[in-house]
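Let me begin by presenting the structure, written as structure tokens, before commenting on it.
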Amino acid sequence: MASDAPLDAYDKKILRLLQAQGRITNQQLAEEIGLSSAACWRRVKALEENGTLRRFTALVDPARVGQPLTALVMVTLVRHHIDNTAEFERRILEYPEVLQCFATTGNADFVLRVVIEDMAAYDRFLNEKLFTLAGISQVSSNFALREIKNETAIPIR
């Protein structure tokens, strides 16, 4: 649930710093932005509670953990029916190899970012998971050759 209240300068500084240094202590954060520890902590809690800060996480290199293959998968449903869409979305949430799923405009109804071990594992993903879903008309896959840019920080002005 996102807040409708605009972010002030302190909130923006907090968000910029947390995106750059997720392990920064509250004391260090407070010092960097010029607030007391208590005031900083309250602001961070409020940003979490209103949904602006979704969660804290570590970024892992997929290749270092044996999943170097990235596929961008475009999925088109048979027809735009709410039941097909809802079921597809529900099932996609269960697949850990799908890191992102976007409902899109254009030629595909959904675009997935899938990170996986190799082509054989991707073939299993398609046949045992994706192709078993009802209502799929077409699947098209593009494979990343190399990563040029992969940022997680949202630009906050």
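These numbers come from a predicted model, not from an experiment.
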Full working for side chain to side chain contact (heavy atoms under 4.5 Å, CB included) between Val44 and Ile14: CA-CA 8 Å; Val44 170; Ile14 287 170; 3.8 Å; yes
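- Here the straight-line distance linking atom CZ of Arg124 with atom CD1 of Ile116 works out to 7.5 Å at 0.5 Å rounding.
- In terms of modelled atom types and a separation under 3.5 Å, the side chain of Asn84 and the main chain of Gly135 share no donor-acceptor contact.
- Asn26 contributes a side-chain N or O that, together with a main-chain N or O of Ser37, makes up a donor-acceptor pair within less than 3.5 Å.
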Test side chain to side chain contact (heavy atoms under 4.5 Å, CB included) on Leu15 and Thr52 and set out the steps. CA-CA 9 Å; Leu15 293 171; Thr52 302; 3.8 Å; yes
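- Judged purely by atom type and a 3.5 angstrom limit, Asn127 uses its side chain to pair as donor or acceptor with the backbone of Asp123.
- With Ser36 contributing its side chain and Ala30 its backbone, the two residues share no donor-acceptor pair below 3.5 Å.
- Once rounded to the nearest 0.5 Å, the distance linking CG of Leu29 with SG of Cys40 reads 3.5 Å.
- Proximity of the aromatic rings of Phe110 and Phe88 is defined here by a centroid distance below 6.0 angstrom, and this criterion is met.
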With side chain to side chain contact (heavy atoms under 4.5 Å, CB included) as the criterion, how do Thr132 and Arg91 come out once you've worked through the C-alpha distance, each side chain's angles and the decisive distance to 0.1 Å? CA-CA 10 Å; Thr132 66; Arg91 295 285 302 277; 4.0 Å; yes
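- A distance of 5.0 Å separates CZ in Phe143 from OH in Tyr122, rounded to the nearest 0.5 Å.
- Listed for the Glu89 side chain is no donor-acceptor partner under 3.5 Å among the backbone atoms of Ala86.
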Given the rule in the side chain to side chain donor-acceptor pair (under 3.5 Å) test, do Gln27 and Glu31 qualify, once you have shown the distances and angles that lead to the verdict? CA-CA 6 Å; Gln27 181 63 40; Glu31 288 172 8; 2.9 Å; yes
Could you walk me through whether Asn107 and Thr76 pass the side chain to side chain contact (heavy atoms under 4.5 Å, CB included) check? CA-CA 8 Å; Asn107 294 334; Thr76 305; 6.0 Å; no
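- Note that CG of Asn142 is 12.0 Å distant from OG1 of Thr70, once rounded to the nearest 0.5 Å.
- For the pair Leu112/Ile92, a side-chain contact is recorded, criterion being any heavy-atom separation below 4.5 Å from C-beta on.
- Sorted by first then second residue, the side chain to side chain donor-acceptor pair (under 3.5 Å) pairs that include residues 9-19, not counting sequence neighbours, are Asp11-Arg43.
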All N/O donor-acceptor pairs, side-chain side in residues 144-156, below 3.5 Å, sequence neighbours left out:
| from | atom 1 | to | atom 2 | distance (Å) |
| --- | --- | --- | --- | --- |
| Glu147 | OE1 | Asn150 | ND2 | 3.1 |

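- Checked for salt-bridge contact, Glu97 and Lys129 meet the test: a charged N lies under 4.0 Å from a carboxylate O.
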